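Okay, so here's the structure we're looking at.
By convention here, the first residue in the shown sequence is residue 1. As the structure lists them, so they are numbered: ligands from 1, and atoms in each ligand from 1. Computed from a predicted structure; not experimentally measured.
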Amino acid sequence: MTTLYSSLDEIKRDLQSNRVTVEGLVKGYLARAKEYKHLNAYNEVFEQEALSRSKEIDAKIKAGTAGRLAGMVIALKDNICYKDHKVSASSKILDGFTSIYSSTIVERLLAEDAIIIGRCSCDEFAMGGGNENSYYGPVKNYADATRVPGGSSGGSAVAVQAGMCHAAIGTDTGGSVRQPASFCGLVGLKPTYGSISRHGIIAYASSFDQVGPLTRSVEDAALLLEIMGGADEYDSTLAQKPVPQYEKQLKSDTSKKKVAYIQEALSSPGVDDEVKTTLVKYIDKLREEGHTVKPVAFEFLDYIVPTYYILAMAEASSNLARYDGVHYGYRSPEAVDLLTTYKRSRSEGFGTEVKRRIMLGTFVLSAGYYDAYYAKAQKVRRLIKEKTDALLQEYDFILIPTAPEPAFPIGRKEKDPTVMYLYDIFTVQASLAGVPAISLPVGDTSKGLPIGLQLLTKRFAEQDLLNFAKYFVEL
Ligand code: GLN
């Protein structure tokens with residue numbers, strides 16, 4: 001039976017005292033990956049490679065030359081490039097495609113001696129919130145295999161949740177790290193836009209996409225942010241400031257804070273009762289501890305989902321133009337000339353949700369509709385950002401649920417896709433505003449389904465966010 005460690009620190013302690021080896025850890029994760037194969041978390045497990053690397057890392061530890069992530073076994077969402085490894089974005093259109101270079105984050109993780117154990121399923125091109133949109137079939141939640149793990153980084157979340165790796169890396173465009181973390185009882189961090197390089201990450205909506213860790217502890221989230229973050233000559237949207245030592249400076253922050261919660265989270269009929277009671281429980285706990293917690297109205301709440309989807313789809317339609325049947329992966333066998341190569345390859349290679357978004361994105365960018373939709377959505381984004389910033393001037397943190405409900409049943413088909421989009425109501429605010437947000441595991445429903453609450457704070461105030469998060473999970 002493998003021990004499921006909550007942090008790398010605990011692993012290091014056992015490595016130091018020779019109670020475990022990295023090889024032993026890897027074998028344990030691999031055994032569990034086989035045992036829980038039916039959950040469909042991995043698109044591919046790098047079994048031999050992880051095993052041989054584990055021996056190298058054990059030797060490095062003995063020699064005292066190991067990096068800071070020695071002992072950490074990580075799974076990657078399958079939209080993160082790793083040289084000489086396949087990458088598919090869980091799409092047929094990339095079937096068989098192999099990365100010709102590594103993303104910056106992979107290089108940084110490997111440089112610190114992390115082991116990458118496999119690539120995890122996700123919604124196709126990270127579009128979705130249940131990991132049901134993968135070409136390779138739905139992923140199942142370890143807490144209840146009839147339910148989704150959340151999405152789009154659902155495979156990454158389940159790989160950690162079921163102990164098939166220690167931590168995972170996902171991407172979060174409108175909630176794809178935070179929401180699966182909340183459905184699977186994990187910590188999920190979306191850092192400030194511009195914190196972590198997007199070089200080598202398959203683009204969905206570039207003005208929102210951020211890499212983020214899915215972990216069992218706030219400590220590991222801090223460490224991974226520190227190692228992956230910081231300037232990179234291949235991504236000009238990154239902040240140039242030095243990365244703080246997030247993990248070293250991590251300490252449970254007990255000082256008295258001002259916390260705002262969005263009052264609709266408690267009044268809206270769309271929010272599950274157990275999610276509401278959990279939020280109320282934490283509001284009460286914070287008040288008992290002497291913090292100021294106040295309800296606030298967010299007047300743009302009704303606009304945040306449409307604004308996000310107009311902009312994300314517009315960006316996606318542009319980003320996904322490169323999959324043309326010529327450059328990457330899949331080409332239709334029916335293709336006979338240039339036009340049929342494009343048309344047939346894209347029609348056969350993309351799934352329904354991706355095609356819907358490409359078409360809607362193309363529509364909102366087209367002449368005649370650009371001003372009515374795209375330009376207007378940009379303006380509303382600005383208003384949402386300004387309002388969020390103003391709230392965060394007055395309050396230290398915003399506290400909201402991560403998702404309006406816990407993990408929902410697989411196959412709950414919404415006839416209207418916009419109903420599905422509305423489930424993103426609490427995650428897209430941070431994405432539109434570019435501020436950091438963390439989802440924290442705060443207990444289970446009566447049916448044993450994990451619930452997550454989310455904290456948001458000011459841009460680049462990750463240290464404050466992590467320190468308060470550490471306090472919050474111990475409340
Ligand atoms: N559910 C949202 C969407 O479908 C967010 C996805 C993400 O963050 N990648 O766009």
Side-chain angles (χ1 to χ4, degrees), residues 76-80 89-91 120-134 138-139 148-157 168-184 188-191 193 196 198 201-214 304-320 350-361 364 377 381 401-405 407-408 412 414 416-439 452 454:
L76 296 177
K77 183 177 182 177
D78 195 10
N79 63 351
I80 301 175
S90 289
S91 180
C120 290
S121 179
C122 54
D123 282 296
E124 185 178 359
F125 284 100
M127 296 176 188
N131 216 132
E132 294 181 281
N133 299 337
S134 163
V139 177
V148 301
S152 63
S153 316
S156 303
I169 309 299
T171 59
D172 189 311
T173 304
S176 279
V177 164
R178 291 164 283 156
Q179 185 254 27
S182 83
F183 282 14
C184 296
L189 171 67
K190 181 204 85 77
Y193 184 81
I196 299 182
R198 289 179 292 112
I201 309 298
I202 294 179
Y204 161 18
S206 307
S207 78
F208 299 91
D209 295 345
Q210 274 298 287
V211 166
L214 291 125
I304 61 179
V305 170
T307 305
Y308 165 76
Y309 274 94
I310 288 172
L311 296 175
M313 288 180 188
E315 294 183 29
S317 73
S318 162
N319 275 325
L320 271 59
F350 289 131
T352 312
E353 184 59 29
V354 174
K355 282 192 258 198
R356 174 183 294 127
R357 294 188 188 199
I358 292 173
M359 285 191 278
L360 283 168
V364 299
R381 181 180 192 177
T402 308
E405 54 173 12
F408 51 86
R412 177 178 75 178
E414 302 291 0
D416 178 355
T418 57
V419 174
M420 185 74 194
Y421 302 162
L422 280 173
Y423 295 129
D424 297 336
I425 182 104
F426 296 127
T427 46
V428 292
Q429 182 182 358
S431 310
L432 285 159
V435 301
I438 193 164
S439 177
Q454 198 185 186

* To do: Give the minimum heavy-atom separation between Asn133 and Gly128, together with the two atoms involved.
  => ND2-CA, 3.8 Å

* **Heavy-atom gap Gly128 to ligand 1 smaller than 4.0 Å** => yes

* **Numbering as shown, the atoms of ligand 1 that approach Ser152 to under 4.0 Å (heavy-atom distance)** => 9 (N)

* Asked: Does some non-hydrogen atom of Arg357 fall short of 4.0 Å from ligand 1?
  -> yes

* **Ligand-residue contact atoms, ligand 1 with Tyr204, heavy atoms, under 4.0 Å** => 3 (C), 9 (N), 10 (O)

* Between Tyr308 and Tyr421, is the gap from one ring center to the other below 6.0 Å? -> no

* Got a donor-acceptor contact below 3.5 angstrom from the Glu124 side chain to the Gly351 backbone? -> yes

* Check whether any N or O atom of Lys77, backbone or side chain, sits under 3.5 Å from an N or O atom of ligand 1, and answer yes or no. => no

* To do: Specify the protein heavy atom at minimum distance from atom 2 (C) of ligand 1: its residue, its atom name, and the distance to 0.1 Å.
  => Asp424 OD2, 3.1 Å

* Asked: Looking only at atom types and distance, does a side-chain atom of Asp172 sit under 3.5 Å from a main-chain N or O of Arg178, one as donor and one as acceptor?
  -> yes

* **Donor-acceptor under 3.5 Å (Asp78 side chain, Cys122 main chain)** => no

* Asked: Should you measure from each heavy atom of Ala126, which atoms of ligand 1 turn up under 4.0 Å away?
  -> 6 (C), 7 (C), 9 (N)

* Structure fact -> With heavy atoms and a 4.0 Å threshold, my read on which part of Thr173 contacts ligand 1 is both

* Structure fact -> When distances are taken from atom 7 (C) of ligand 1, the protein heavy atom at minimum range is Ser176 OG, 2.4 Å

* Do you know the tightest heavy-atom contact between Arg381 and Leu432? -> NE-O, 2.9 Å

* **Shortest heavy-atom approach to atom 5 (C) of ligand 1 - which of Tyr309, Tyr308, Phe125** => Tyr308

* To do: Taking Ser439 for its side chain and Thr402 for its backbone only, find out whether a donor-acceptor pair lies under 3.5 Å.
  => no

